[in-house]
Amino acid sequence: MSLGLHKLKQHKSWFDEECLGFLDQRKQDKMNWVQDPSQSIVDNINNVRSEFSRYLRKKEEISEG
């Protein structure tokens with residue numbers, strides 16, 4: 001199965017398609033930043049990273065208990 005720029009491989013049990021979505025968005029933003037190194041794109045990259053971290057923390061909380 002393929003989703004965006006990444007192929008779905010056998011990852012950890014918590015790694016799902018939404019995780020791939022965050023990675024794909026971050027990769028796309030980085031490619032855009034290479035073409036146009038503006039602060040707004042850097043902000044987008046940082047926002048995606050922050051959202052992904054929050055998402056993973058919530059998943060961890062759910063899996064623990």
*Where do Glu51 and Asn47 land on the side-chain hydrogen bond (donor to acceptor under 3.5 Å, both in side chains) test, with the steps shown first?*
CA-CA 6 Å; Glu51 288 177 34; Asn47 288 338; 5.8 Å; no
*Name all residues meeting the side-chain contact (heavy atoms from CB on, under 4.5 Å) criterion together with Asp43; count only those two or more places apart in sequence or in a different chain, and write none if there are none.*
Gln39
*Kindly compute the distance separating CG (Asn32) from CD (Gln35), expressed to the nearest 0.5 Å.*
6.0 Å
*Which distance, rounded to the nearest 0.5 Å, do you find between the CD of Glu60 and the OH of Tyr55?*
13.0 Å
*From Arg54 CZ over to Arg57 CZ, what is the distance, rounded to the nearest 0.5 angstrom?*
7.0 Å
_As a quick check of understanding, evaluate side chain to side chain contact (heavy atoms under 4.5 Å, CB included) for Asn44 and Trp33, giving each step before the final call._
CA-CA 10 Å; Asn44 286 343; Trp33 176 77; over 6 Å; no
*Positive for side chain to side chain contact (heavy atoms under 4.5 Å, CB included) with Phe22, one of Arg26, Gln25, Glu18*: Glu18
_So, using side-chain contact (heavy atoms from CB on, under 4.5 Å) as the criterion, who are the partners of Ser38 when residues are at least two apart?_
Asp36, Ser40, Ile41
*Is it possible for you to say whether Met31 and Val42 belong to one hydrophobic cluster, with membership spreading through side-chain heavy-atom contacts below 4.5 Å?*
no
*What about Val48 and Leu23, same hydrophobic cluster or not, with Ile/Leu/Val/Met/Phe/Trp/Tyr joined at side-chain heavy-atom distances under 4.5 Å?*
yes
*asked:* The criterion is salt bridge (Lys or Arg N to Asp or Glu O under 4.0 Å); which residues satisfy it with Lys30, sequence neighbours excluded?
replied: none
